[in-house]
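The next block holds one structure in the form of structure tokens; read it before the comments.
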Protein chains: 2
Amino acid sequence: MNLKAERGAATRDRVLGIATRLFSEHGYDGTSIEMVLHESALSRGALYHHFAGKDALFEAVFEAVETRIGREIAATVTSGASAEQALREGSLAWIRLAGDKVIQRIVLIDAPSVLGWEKWRELEARHAFGMLKRTLRATRAVREEYLEIHAHMLLAAINEIALLVARTGQTEQAERAVEDFLARLLDGERPGQGPGALAASDLAERDAPTTT
Amino acid sequence: MNLKAERGAATRDRVLGIATRLFSEHGYDGTSIEMVLHESALSRGALYHHFAGKDALFEAVFEAVETRIGREIAATVTSGASAEQALREGSLAWIRLAGDKVIQRIVLIDAPSVLGWEKWRELEARHAFGMLKRTLRATRAVREEYLEIHAHMLLAAINEIALLVARTGQTEQAERAVEDFLARLLDGERPGQGPGALAASDLAERDAPTTT
DNA sequence: TTCTAGACCGACAGTCGGTTTGTAATGGAG
DNA sequence: CTCCATTACAAACCGACTGTCGGTCTAGAA
């Protein structure tokens, strides 16, 4: 059962790649299943054999993109850095990555509406949001009580800037503004223990590459 | 030409109200034009006479909701308050208003995807975003250079919390966290001039109720 | 009274997402 | 080697949806 499985996985991946491009170029609504079929030279039956529906296809694309992002950000942050440093580096890396139209359109714009906000956040918690929350906790800059909420606000703010930069192109200015923003947040209250050391596990992804 | 015009405006408003409810309950994609037609007991032709298409109908709904929000927030903020106070009051008012499913779904979740991010921001600049930016400038807490970007981040953060509160219901905790968040931002660098006085015009909406 | 413009109607075409039925081929069981 | 379950894929088909278009009706101007 090898040749068959391999062929199946290959076409699945091919469809995934094509769908990623189409979704990012035309949005979820603007991309028809028939476009995907045409570009992948596949039949309806074949596609629906691999993916339960258009939304499931989108979700698979979303997961793949998120996983890739997580890897790239984790690779950017210098290991052994302080949590504050990691937070800064990670945020800037994220903003630069989000220059990619694929990420903008799929992850930031369409996902909440297509997947629903709750599912979006649930998935993000396993990727970018989870990473940010662990790093923010390691800085010990915010009380545990507010950690979740501050992490939400911070991620939303950074995502917004990612979109803003992508449109205006004021990269340097935005990056300085984000650093300023972060500095203000981190310099708030400090419970005393001093800057926390960042364990490698704080950045590690929790999930295996999903295959649904 | 009065009776006719009035009748026209009346049915337009009626359709707008019905569409607002349906869009907020089932989302943009989950709401069919036929649903709107059925509930409003109108014909296809009549609806397409008033609105160019489904997206135009959505945009009209969006504008109406934004205008209402702007009025309600402006009414909440105590007049003559300091800019810092106004920022806090306005933010909390916004979070509470966003408990409304209508606002969540239409303004925060579906709008970016349906209208496109650019148009969304362009419209928001005339409503919530514009208000926030003017108030933030009045606090003189951020350098003019970063004002636009910080305002974007702040609004995105607050919007996120509005959605979060709506799901988890931890209203008090979130409100305290937001106040903490704001305090940290405002306590950053201060160019010296002291707290700015908030002119009434800073909160005023710029636009007349749109009718497109 | 006549005529025009705007409100409204309803059938229709085209497209889309999804289902169903069918076929070819692979690989393990006997 | 044979048989059969399973998997990958194909194609016709269905219901639902959006948007268009020719046409009707009526209020109010001329």
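By convention in this document, chain letters (A, B, ...) are assigned in the order of the sequence lines, proteins followed by strands, and residues within each chain are numbered from 1.
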Show which side-chain atoms of residues 88-95 of chain B pair as donor or acceptor with protein atoms under 3.5 Å away, not counting sequence neighbours.
{"from": "B:Glu89", "atom 1": "OE1", "to": "B:Thr78", "atom 2": "N", "distance (Å)": "2.8"}
{"from": "B:Glu89", "atom 1": "OE1", "to": "B:Thr78", "atom 2": "OG1", "distance (Å)": "3.4"}
{"from": "B:Glu89", "atom 1": "OE2", "to": "B:Thr78", "atom 2": "OG1", "distance (Å)": "3.3"}
{"from": "B:Glu89", "atom 1": "OE2", "to": "B:Gln85", "atom 2": "NE2", "distance (Å)": "3.0"}
{"from": "B:Ser91", "atom 1": "OG", "to": "B:Leu87", "atom 2": "O", "distance (Å)": "2.7"}
{"from": "B:Trp94", "atom 1": "NE1", "to": "B:Asn159", "atom 2": "OD1", "distance (Å)": "2.7"}

Is there any protein nitrogen or oxygen under 3.5 Å from a nitrogen or oxygen in nucleotides 19-22 of chain D, and what are the pairs?
{"from": "D:dG19", "atom 1": "OP2", "to": "B:Tyr48", "atom 2": "OH", "distance (Å)": "2.8"}
{"from": "D:dG19", "atom 1": "OP2", "to": "B:Lys54", "atom 2": "N", "distance (Å)": "3.1"}
{"from": "D:dG19", "atom 1": "N7", "to": "B:Arg44", "atom 2": "NE", "distance (Å)": "3.0"}
{"from": "D:dG19", "atom 1": "N7", "to": "B:Arg44", "atom 2": "NH2", "distance (Å)": "2.9"}
{"from": "D:dG19", "atom 1": "O6", "to": "B:Arg44", "atom 2": "NE", "distance (Å)": "2.8"}

In whole Å, what is the span from the CZ atom of B:Arg7 to the P atom of D:dC25? 14 Å

In whole Å, I'd like the distance from the CG atom of B:Leu37 to the P atom of C:dC8. 13 Å

Could you check whether A:Leu42 gets within reach of a base, just the sugar-phosphate, or nothing at all, counting any heavy atom under 4.0 Å? sugar-phosphate

Test side-chain contact (heavy atoms from CB on, under 4.5 Å) applied to A:Thr20 - qualifying residues, sequence neighbours left out: A:Val61, A:Val65, A:Val102, A:Ile106

Partner set under side-chain contact (heavy atoms from CB on, under 4.5 Å) for B:Glu172, not counting sequence neighbours: none

Which of these nucleotides, C:dC16, C:dG6, D:dC9, is closest to any side-chain atom of A:Glu34? C:dC16

Mind checking side-chain contact (heavy atoms from CB on, under 4.5 Å) for A:Ala157 and listing every partner two or more places apart, or none if nothing turns up? A:Phe181, B:Met153

Report the residues that fulfil side chain to side chain donor-acceptor pair (under 3.5 Å) with B:Lys54, sequence neighbours left out, ordered by chain and then residue number. none

At 4.0 Å (heavy atoms only), tell me whether A:Ser40 reaches a base, stays on the sugar-phosphate, or touches nothing. nothing

Under the 3.5 angstrom rule, does the side chain of B:Gln173 hit a backbone N or O of A:Tyr146 as a donor-acceptor pair? no

